[in-house]
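Each remark here refers to the structure printed beneath this line.
Quick note: numbers below take in every heavy atom, side chains included, and nothing from hydrogens, waters or symmetry partners. Predicted model, so just to flag it, every value in this text is computed and none were measured. Every number for a ligand or one of its atoms is a count from 1 in the order of the listing.
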Amino acid sequence: MKVAIVGAGSGYMPGVVRGLLHRADDLAGTELACYDIDAAHLDVMTRLAGNMFAARGADFTVSSHTALKSALDGASYVFTTFRPGGLAARHLDESIPLKHGVVGQETAGPGGFLMALRSVPVLLDIAAKADPGAWIVNYTNPTNVVTDAVARHTGARIIGLCDQFIGDTEMWADLLGLPFDGLEADWIGLNHATWAQRVRLDGRELDLPLLLDDLEVPGGGATPWRDPSRMAELAKALGFLPNSYAKYYFFHDQVVDELRAKGTTRAQDILAMLPGYYEQVAAESRRPDPDPSRERGGGEHGEFAVDVICAMHRDEGRRMIVNTRNNGAVSSLDDDAIVEVPALVGRSGPVPLTMGPLPGPVRGLTQAIHAYERLAADAAVTGDRRTALQALMAHPFVRSKHTAEKILDEGLAAHRDHLPQFA
Ligand code: G6P
Ligand code: MN
């Protein structure tokens with residue numbers, strides 16, 4: 001079995017290697033074809049992987065590729081995990097909307113839209129070059145827009161990943177005073193816009209409204225990914241659990257003020273720590289039993305992706321939350337929408353489980369986000385400026401046509417080199 005890793009020089013790669021070690025017995029004999037456009041980072045990560053596998057006696061072979069086609073040839077799974085344009089482009093995505101009073105975020109809103117315009121052409125190229133029966137296992141953001149574009153505009157098979165629900169479920173366990181082990185929430189909706197009305201502990205349904213009535217809103221504790229105070233406040237109002245990104249919708253203007261006051265973008269913050277991070281990983285990669293930093297992608301990120309590949313390869317039929325075609329699973333969204341839902345993942349891909357409608361208070365919001373995503377995917381494929389403008393006008397963050405136009409014009413100009421479809 002061959003797995004291609006596109007973006008293997010990524011800072012998240014040590015976590016992927018740890019995930020592979022975790023399932024080394026189940027994937028024994030697998031060839032990992034590592035590809036990246038950054039030859040130096042690719043070199044560090046392939047050496048790291050080789051030494052970590054050797055130290056633990058894991059039966060993987062690692063090859064290094066700077067040509068995409070040779071990495072993809074013969075691969076049954078193509079794991080895509082890269083940021084097109086890197087963090088410099090992410091900085092623009094985060095700062096251009098903010099100039100116009102709109103939340104600047106990597107995946108949500110106009111920032112995610114600009115990222116989609118860059119990601120989709122690269123994914124379409126990968127889909128065209130991959131072997132016909134291959135599965136694309138995609139982490140590249142915005143994962144659902146990318147998945148939608150590839151699913152509707154190519155013949156390739158694709159599954160969209162995000163590990164958000166794991167960290168979110170962990171946060172809710174903490175807030176509600178429940179053990180994380182054995183806690184299962186039915187997160188449904190769209191990537192970074194999911195909601196959970198049903199929660200079980202060891203298979204037993206919990207009375208969520210009651211738990212939320214008793215919940216006391218904590219102060220502080222926010223990280224770059226999660227703001228437990230706002231999440232608790234929202235959940236008490238809604239009566240069910242929101243995904244962490246709900247703060248961008250329900251506290252939009254306060255977040256704009258905070259991002260402006262902060263002064264640096266998340267991309268700049270990461271860029272500042274990255275040289276030290278790669279230095280540590282490079283030093284470890286030369287040691288016989290490397291222990292690379294967990295500062296990037298150190299959580300469940302890599303393990304989750306490897307578990308998905310395992311579930312398909314071994315036909316496990318395992319229940320996992322993934323992005324796939326709706327087919328009626330969420331009755332409030334189009335059948336052909338790419339939704340994030342619990343699914344049984346086996347050899348023939350994910351089979352979404354029937355989940356019913358979205359909760360009333362967020363039904364319209366989620367449908368609006370879907371309308372935006374569909375237009376964003378189409379704009380990213382076709383390079384049609386009018387569709388692009390419509391996408392931005394459809395997004396709940398954007399409340400003025402002129403704002404949409406300004407963000408679009410600036411975004412297209414700033415990212416010109418990564419947008420061949422708009423040339
Ligand atoms: C979460 C999201 C990912 C996103 C990441 C950004 O994990 O689910 O989709 O890429 O956060 O994290 P970063 O540390 O790069 O800001
Ligand atoms: Mn995500």
Please classify the [X] to ligand 1 contact at 4.0 Å (heavy-atom distances, strictly less than): side chain, backbone, both or neither.
X	result
Thr143	neither
Phe165	neither
Arg83	side chain
Gln105	neither
Tyr139	neither

Can you find a non-hydrogen atom of Pro224 under 4.0 Å from ligand 1?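 Per 4.0 Å heavy-atom rule, Pro224 does not contact ligand 1.
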
What do you reckon, does Arg90 put a non-hydrogen atom under 4.0 Å from ligand 1?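 Yes; Arg90 lies near enough to ligand 1 that a heavy-atom distance drops under 4.0 Å.
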
Can you label the angle between the [X] ring and the [Y] ring as parallel, tilted or perpendicular, going by 30° and 60°?
X	Y	result
Phe60	Phe53	tilted
His301	Tyr139	parallel
Tyr77	His313	perpendicular

Rounded to the nearest 10 degrees, what's the angle NE2 of His192 makes with SG of Cys162 at the Mn ion (ligand 2)? Could you check?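 Vertex at the Mn ion (ligand 2): approximately 90°.
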
For [atom], what's the nearest protein heavy atom and its distance?
atom	result
atom 12 (O) of ligand 1	Trp225 NE1, 3.0 Å
atom 9 (O) of ligand 1	Asn141 ND2, 2.9 Å
atom 1 (C) of ligand 1	Gln164 OE1, 3.4 Å
atom 7 (O) of ligand 1	Asp163 OD1, 3.5 Å

After noting the C-alpha distance and the side-chain angles of Asn243 and Thr194, does the key distance pass the side chain to side chain donor-acceptor pair (under 3.5 Å) rule? CA-CA 5 Å; Asn243 175 287; Thr194 50; 3.2 Å; yes

Taking 4.0 angstrom as the limit, do Asp335 and Arg325 come out as a salt bridge?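 No, no charged N to carboxylate O under 4.0 Å.
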
Under 6.0 Å from the CG atom of Leu389, do we count more than 12 heavy atoms belonging to anything else shown?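 Count over threshold, so yes.
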
Flag if over 12 foreign heavy atoms under 6.0 Å of CD, Glu258: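 Correct, the count exceeds 12.
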
Atom indices of ligand 1 within 4.0 angstrom of [X] heavy atoms, with elements:
X	value
Arg266	13 (P), 14 (O), 16 (O)
Arg296	13 (P), 14 (O), 15 (O)
Cys162	8 (O)
Tyr245	1 (C), 2 (C), 11 (O)
Ile270	13 (P), 15 (O), 16 (O)

Which of the listed options, Glu295, Met115, Glu106, Glu300, holds the heavy atom that is closest to atom 6 (C) of ligand 1?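 Residue with the shortest heavy-atom distance to the ligand atom: Glu106.
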
Nearest 0.5 Å please: distance from the CG atom of Leu92 over to the CG atom of Leu114.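 Separation between the atoms: 9.0 Å.
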
Taking ring pair (Phe, Tyr, Trp, His ring centres under 6.0 Å) as the criterion, tell me which of Phe251, Tyr372, Tyr249, Phe113 meets it with Phe397.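 Of the listed options, the one satisfying the test is Tyr249.
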
Modelled atom types, side-chain donor and acceptor of Thr264 and Asp269, under 3.5 Å: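 Yes, side-chain donor-acceptor contact under 3.5 Å.
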
Less than 3.5 Å between some nitrogen or oxygen of His192 and one of ligand 1, yes or no?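 In this structure, His192 places an N or O atom under 3.5 Å from an N or O of ligand 1.
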
Quick one: does Arg296's side chain get under 4.5 Å of Ile270's, heavy atoms only?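 Side chain of Arg296 against side chain of Ile270, heavy atoms only: contact under 4.5 Å found.
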
Is there a side chain to side chain donor-acceptor pair (under 3.5 Å) between Thr143 and Asn191? Walk through the geometry before answering. CA-CA 7 Å; Thr143 191; Asn191 178 242; 5.7 Å; no

